[in-house]
Amino acid sequence: MTAPTKPSPGGPSDPAASGVPLHAPVIDWFDEHARDLPWRRPEAGAWGVMVSEFMLQQTPVSRVQPVYEQWLARWPRPADLAKEAPGEAVRAWGRLGYPRRALRLHGAAAAITERHGGDVPADHAQLLALPGIGEYTAAAVASFAYGQRHPVLDTNVRRVFARAVTGVQYPPNATTAAERKLARALLPDEEARAARWAAASMELGALVCTAKNESCHRCPIASRCAWRLAGKPAHDGPPRRGQTYAGTDRQVRGRLLAVLREATGPVPQAALDQVWQEPVQRARALDGLVADGLVEPLADGLYRLPLS
DNA sequence: AACCCGTGGGC
DNA sequence: TGCCCAAGGGT
């Protein structure tokens with residue numbers, strides 16, 4: 001007896017047996033529904049793409065957009081950012097969150113200026129070697145900026161694959177070898193089409209196949225989605241651990257850095273002391289910021305964003 | 001592998 | 001309101 005909810009593989013009702021590759025309807029959908037984002041315009045260039053990828057790590061598009069515009073206007077090339085003090089990058093980062101990304105972007109700009117003649121490298125391994133660039137971002141820059149063929153596995157794509165192909169509501173907590181294998185298997189052969197597929201599958205996850213309240217009625221592959229065909233079974237595995245925030249060091253760090261960002265000159269310790277009552281945690285948070293290179297301690301209990 | 005790292009908006 | 005989520009990376 002075969003499972004009633006699952007079509008027999010290769011049989012006439014098997015959605016994958018249609019002969020149409022998964023990417024075809026998704027790319028067609030993307031042609032019509034892609035958002036007009038600044039880093040997708042041709043004039044953004046590889047540097048624009050790279051800046052956007054740093055900013056978009058764990059941060060929604062709506063919050064990135066204005067900061068991105070200001071950033072590119074001020075530092076149109078990597079060398080322009082490289083010659084600034086790192087603290088200026090941290091200040092311009094504003095309230096995007098995870099300010100270490102600003103420091104890494106500054107470091108990446110410096111490395112690009114030194115090692116690659118000021119041009120964002122097109123080589124995946126060279127991208128991966130830059131600070132702040134991991135597996136996802138290296139593939140994303142190589143694909144979006146240079147049209148190369150790489151599996152681009154971000155949280156959106158992983159969710160689309162989990163549902164459409166694997167038939168589960170959510171992907172595993174950490175990217176698995178099976179997911180990488182699947183991503184590679186689904187990649188179109190032709191280079192430009194592979195790059196288009198990467199952007200299209202991400203967009204589908206961002207706009208339609210969202211974490212909550214997915215809109216299957218707008219999905220170009222709903223008719224062949226394994227999760228939907230199985231009746232959308234709820235996620236069963238271990239719950240993803242919630243990220244508590246209130247009362248954590250992260251909150252304290254955020255408050256300390258906010259004071260330093262908004263100050264024009266060095267800030268006395270007494271001013272920083274006012275952002276948090278508990279002295280042990282407060283000191284630990286400040287030490288952490290200094291250790292991370294986000295804050296520079298001066299003599300006489302003064303602090304500032306790093307000049308070097 | 002598990003944990004750390006910010007911030008704000010939606011429900 | 002509190003919880004969940006958002007184009008991850010580094011250790």
Side-chain angles (χ1 to χ4, degrees), chain A residues 30 34-35 37-40 44 48-68 90 93-105 107-108 127-145 150-160 169-177 179 183 195 198-207 209-214 235 238-261 275 281 284-285 287-289 291-295:
Chain A
F30 187 61
R35 289 169 292 181
L37 300 171
W39 43 88
R40 286 179 177 165
V49 170
M50 182 174 146
V51 169
S52 76
E53 290 302 335
F54 270 74
M55 291 182 174
L56 288 164
Q57 290 169 2
Q58 303 287 283
T59 305
V61 165
S62 60
R63 288 175 49 211
V64 164
Q65 210 152 337
V67 182
Y68 170 87
V90 173
W93 198 255
R95 305 188 67 80
L96 284 182
Y98 292 144
R100 292 190 293 189
R101 292 182 293 166
L103 229 40
R104 291 174 184 147
L105 180 52
L127 286 165
L128 198 54
L130 297 172
I133 294 193
E135 183 181 350
Y136 161 76
T137 305
V141 173
S143 180
F144 302 154
H150 295 280
V152 178
L153 265 185
D154 80 319
T155 186
N156 291 305
V157 176
R158 294 181 63 221
R159 187 173 54 249
V160 169
Q169 187 177 20
Y170 296 120
N173 283 325
T175 305
T176 63
E179 287 181 277
S201 53
M202 278 180 66
E203 192 79 336
L204 186 64
L207 298 183
C209 193
T210 50
K212 297 171 147 186
N213 306 124
E214 68 281 354
H235 178 73
R240 328 157 91 58
R241 46 169 257 290
Q243 39 180 2
T244 56
Y245 181 68
T248 62
D249 286 7
R250 291 158 80 180
Q251 183 179 24
V252 186
R253 287 167 57 109
R255 289 190 183 183
L256 290 169
L257 209 54
V259 171
L260 291 160
R261 265 200 318 263
V275 307
Q281 187 180 23
R284 184 174 64 233
D287 285 349
L289 288 170
D292 288 346
L294 283 163
V295 172

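In what follows, chains carry the letters A, B, and so on, assigned in the order in which the sequence lines appear, proteins first and then strands, with residues in each chain numbered from 1. Predicted model, so just to flag it, every value in this text is computed and none were measured.
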Practice item. Please tell me which of A:Leu128 and A:Leu37 maps to the more 5' nucleotide of DNA chain C, matching each residue to the nucleotide holding its nearest heavy atom. Key: A:Leu37
Review point. Considering heavy-atom distances to DNA chain C, does A:Pro131 or A:Phe144 have its closest nucleotide positioned more toward the 5' end?
Key: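 Closest to the 5' end, via its nearest nucleotide, is A:Phe144.
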Could you please name the option among [options] that lies closest to any side-chain atom of [X]?
X: A:Arg35; options: C:dC5, C:dA7, B:dC5; answer: C:dA7
X: A:Ala211; options: B:dG6, C:dC5, C:dA7; answer: C:dC5
X: A:Arg95; options: C:dA7, B:dG6, B:dG8; answer: B:dG8
X: A:Gln57; options: C:dG8, C:dC5, B:dG6; answer: C:dG8
X: A:Arg261; options: B:dT7, B:dC5, C:dG10; answer: B:dT7

What contact category does [X] fall into here, base, sugar-phosphate, or nothing, at under 4.0 angstrom with non-hydrogen atoms?
X: A:Thr137; value: sugar-phosphate
X: A:Gln251; value: nothing
X: A:Phe54; value: nothing

Does a side-chain N or O of [X] approach OP1 or OP2 of [N] to a distance below 4.0 Å, or not?
X: A:Arg159; N: C:dA6; result: yes
X: A:Gln58; N: C:dG8; result: yes
X: A:Tyr245; N: B:dG6; result: no

Review point. Given A:Glu53 and A:Tyr136, is the side-chain hydrogen bond (donor to acceptor under 3.5 Å, both in side chains) satisfied, shown in steps?
Key: CA-CA 9 Å; A:Glu53 290 302 335; A:Tyr136 161 76; 2.8 Å; yes
Exercise for review: Using the C1' atoms only, state how far C:dG9 lies from B:dA1, rounded to an integer number of Å.
Suggested key: 15 Å
Review point. Between A:Asp292 and A:Ser62, which has a closest nucleotide on DNA chain B that is more 5'?
Key: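 Per heavy-atom nearest nucleotide, the more 5' residue is A:Asp292.
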Check your understanding: For the side chain of A:Arg63 and the base of B:dG8, is some donor closer than 3.5 Å to an acceptor across the two?
Key -> no
Review point. Hey, is the side chain of A:Thr59 pairing donor to acceptor with the base of B:dG6 inside 3.5 Å?
Key: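 Donor-acceptor pair under 3.5 Å: yes.
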Exercise for review: Take A:Leu256 and A:Arg253 through the test side-chain contact (heavy atoms from CB on, under 4.5 Å) and record every step on the way to the result.
Suggested key: CA-CA 5 Å; A:Leu256 290 169; A:Arg253 287 167 57 109; 5.5 Å; no
Check your understanding: Would you say A:Tyr170's side chain and A:Ala211's backbone share a donor-acceptor pair under 3.5 angstrom?
Key ->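 Side chain of A:Tyr170 to backbone of A:Ala211, a donor-acceptor pair under 3.5 Å: yes, one is there.
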Review point. Has the side chain of A:Arg250 got a donor or acceptor atom that lies under 3.5 Å from a matching backbone atom of A:Tyr245?
Key: no
Exercise for review: Verify side-chain contact (heavy atoms from CB on, under 4.5 Å) between A:Trp93 and A:Met55, making sure each step is shown before the conclusion.
Suggested key: CA-CA 9 Å; A:Trp93 198 255; A:Met55 291 182 174; 3.7 Å; yes
